[in-house]
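These notes are about the structure you will find just below.
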Amino acid sequence: MAQGDVTLGSLEDIPADLWEECSACHQLLYSREFEAALWVCSKCGYHKRLTVEQRLATVADEGSVQELFADLPLADPLRFPEYHEKLEQARQKTGMDEAVWTGLVSIGGHRVGMGIMDLAFIGGSMGWVVGEKVTLLIERCVEERRGVVMFCASGGARMQESLVALMQMPKTCAAVGQMNQARLPYITVLTDPTYGGVTASFAFLGDVILAEKGAAMGFAGPRVIQITKMKIAPEVQTAEFQYEHGMIDLLVGREQVRDTLVDLLEWLVPHPVDRQSSGSGVSVG
Amino acid sequence: MPKTEQRSQPQATRDPWEIVQLARDPQRPYTLDYVNRIFERFVELHGDRRCGDDGAMVVGMGFLEDQPVAVVGQQKGRTASERRERNFGMARPEGYRKALRMMEMAARFERPLVTLIDTPGADCLEDSEGRGISEAIACNQRAMFALPVPIVSVVIGEGGSGGAIGIGVGDRVYMQENTYYSVIMPEACAAILWRDPSQSVRAAEALKLSPGDAMRLGLIDGIIAEPGGGAQADYDGAANLVRTQIVGALEELRPLAPEELKRSRYQKFREMGKPE
């Protein structure tokens, strides 16, 4: 497996999409093998940050994906300097409408609501649209009596929407409360990295909270820590620290995420009639 | 929804940066200064029944016009030792869980809840991370939506982000005239967005953190005037104005049935920030 002997010089001669560099240890990885390993580095074990498409490929039953709520308007409630342009650029760059994807998917035959956040869209930060999509998804699932699985990845609340962004925290917490009252399962998966307003709202309210191994997480984001010169050791802001302190139910490697979700849903999903049989098994790589 | 805006005088036009400075003025009345002036026979309660007490969060039982109310608020200190004891108003998980105890007691004994917000932000150092500061703040928000009693929240100084909203889910939310409410401190915003802390003044403007802006954005229900010269110049006068607003809000809310209260609280936060 060692590709350490490949030099950058020789890389220029081969198609770029054949190889991918691990962003943690800089090991060059053969793309097809990297994908088959669900984008976990074979050398250092780093779990690469995934696009929505990649995340869906790792957990959703084939052909089961239905996107919802992708047509909300761009929100710039404060008319914050340079923000509208930033939103437009993020849309072009990522092809996403906002920092969270929402929809319905089947996992091992269980039809559930799913949210997937993407760091590539303004740091996965939560403004009105993200809060609204998460809330709409949960409200829809309460209505249809489905569970929700939320893949979290976020720099926190979005600065450019300030107080409006902050108010997405209570809004999403309230929505989770509706799920709890309806006795429907709500599972969160914290992925690298999850910070700030997202941790202090819907991320840490899961009936069951999973975290991918090695994921960075914490209440204060790294930039804020840096600027305010607070003394917080890097190892504090990790999934492992949160797990050791009882804040997370399970630390999982990415290859276990889907099977773990299936087991949890088997236990949690209230009525057998809610189950839909559809194709099982994930095709990845 | 009735918007009650009370003022004893026209608001001086202060720029946002000036408001931030006033909100942080160490001579401003803090939570206990208000509590002792607004509520009769206040009994402070201590401890989260799990691991500790938190001086940055004050909770207790008091009476307002002979009606029993539950009170929760962040507390800052003035002297060096008080500041340490109060952790500069930055509450830890123990503080939020103590607040949750008070909220649950308010629900059980059917007493309205008043929360006073004054924090630069929640504590986020190692101990707080290890005891679940994010979880504590998230749980409080969720719990506040389930409270079957009226909730009135007042920003009396700094409305610092998640630390503030952890006790800030009110049926009525007010800000005093010289206070701010923001997702991030303007200094940090400037440093992150423009890599230049000297742009703090510009950040304070861009963040729309003043009471007037929060009102225009439909995020609060009213602005409570301060005595001439500001709250720091007249504690009794400032407390009277806050008290009047709380009494008025509770009068409006008291007739509402618990289900109606919870439903409209959900709707209120559900609608915030919705594009026109």
Side-chain angles (χ1 to χ4, degrees), chain A residues 72-78 80-82 127-128 131-132 135 156-171 173-178 180-181 196-197 199-205 217-220 223-228 230-233 236-237 241-242 244-247, chain B residues 121-126 128-146 159 161-166 168-169 181-185 187-194 197 202-203 205-209 213-214 217-220 265-266 269-275:
Chain A
L72 298 186
L74 283 179
D76 180 9
L78 273 47
F80 198 96
E82 300 144 39
W128 180 80
E132 185 68 10
T135 305
R158 191 170 293 164
M159 268 183 302
Q160 294 90 340
E161 295 186 31
S162 193
L163 204 48
V164 170
L166 189 73
M167 293 308 154
Q168 304 312 305
M169 295 168 60
K171 183 166 96 179
C173 289
V176 174
Q178 302 280 312
N180 301 149
Q181 275 179 11
T199 63
S201 62
F202 61 87
F204 266 105
L205 288 180
M217 59 188 60
F219 179 65
R223 291 300 311 277
V224 172
I225 291 172
Q226 192 190 342
I227 286 152
T228 55
M230 279 182 292
K231 289 188 177 61
I232 302 177
V236 169
Q237 296 214 309
F241 178 90
Q242 295 289 336
E244 281 160 23
H245 287 78
M247 297 302 146
Chain B
D123 185 272
C124 58
L125 299 181
E126 177 168 346
S128 286
E129 280 290 1
R131 292 199 286 273
I133 186 65
S134 296
E135 193 260 3
I137 289 173
C139 283
N140 277 20
Q141 293 170 75
R142 178 175 58 183
M144 290 183 89
F145 282 100
S161 198
I165 198 65
V169 183
Y181 203 170
S182 175
V183 80
I184 189 166
M185 286 190 281
E187 294 89 337
C189 175
I192 290 173
L193 275 189
W194 301 308
R202 183 180 163 211
E205 279 163 21
L207 287 167
K208 304 269 197 288
L209 46 66
D213 283 321
L217 288 162
L219 304 173
I220 60 168
R265 194 180 301 142
Y266 187 88
F269 282 84
R270 187 74 188 77
E271 297 302 312
M272 283 182 186
K274 192 167 265 184

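Predicted model, so just to flag it, every value in this text is computed and none were measured. Side chains included, hydrogens not; waters and symmetry mates left out as well; all remaining heavy atoms used.
Considering every non-hydrogen atom in both B:Cys124 and A:Met230, the closest pair reads SG-SD, 3.4 Å. Smallest separation of non-hydrogen atoms from B:Val169 and A:Pro170: CG2-CB, 3.9 Å. Contact between A:Pro73 and B:Pro275 at its shortest, heavy atoms only, is CG-CG, 4.2 Å. Looking at every heavy atom in both residues, B:Arg142 comes nearest to A:Asn180 through NH1-OD1, 2.8 Å. What you find for B:Ala214 and A:Leu163 is that their closest heavy atoms are CB-CD2, 4.0 Å.
The CD1 atom of B:Ile137 sits 8.0 Å away from atom OG1 of A:Thr199, with the distance rounded to the nearest 0.5 Å. Going from atom CE of A:Met167 over to atom CD1 of B:Ile165 covers 4.0 Å, rounded to the nearest 0.5 Å.
Considering only heavy atoms from C-beta on, B:Lys274 comes within 4.5 Å of A:Glu132 through its side chain. Taking the side chain as every heavy atom from C-beta outward, A:Thr135 and B:Arg270 approach each other to under 4.5 Å.
Looking at B:Phe269, the atoms closer than 4.5 Å to chain A (heavy atoms on both sides) sit in the backbone and in the side chain alike. Both the backbone and the side chain of B:Ala122 have a heavy atom closer than 4.5 Å to some heavy atom of chain A. With a threshold of 4.5 angstrom between heavy atoms, B:Arg265 does not approach chain A through any atom at all. For a residue to count as touching a neighbouring chain, one of its non-hydrogen atoms must lie under 4.5 Å from one of that chain's; by this rule B:Tyr181 touches chain A with backbone and side chain alike. If you measure heavy-atom distances from B:Leu125 to chain A, the contacts under 4.5 Å come from both the backbone and the side chain.
Of all the listed residues (B:Ile192, B:Ile184, B:Leu193, B:Ile133), the one sharing the greatest number of non-hydrogen pairs under 4.5 Å with chain A is B:Ile192.
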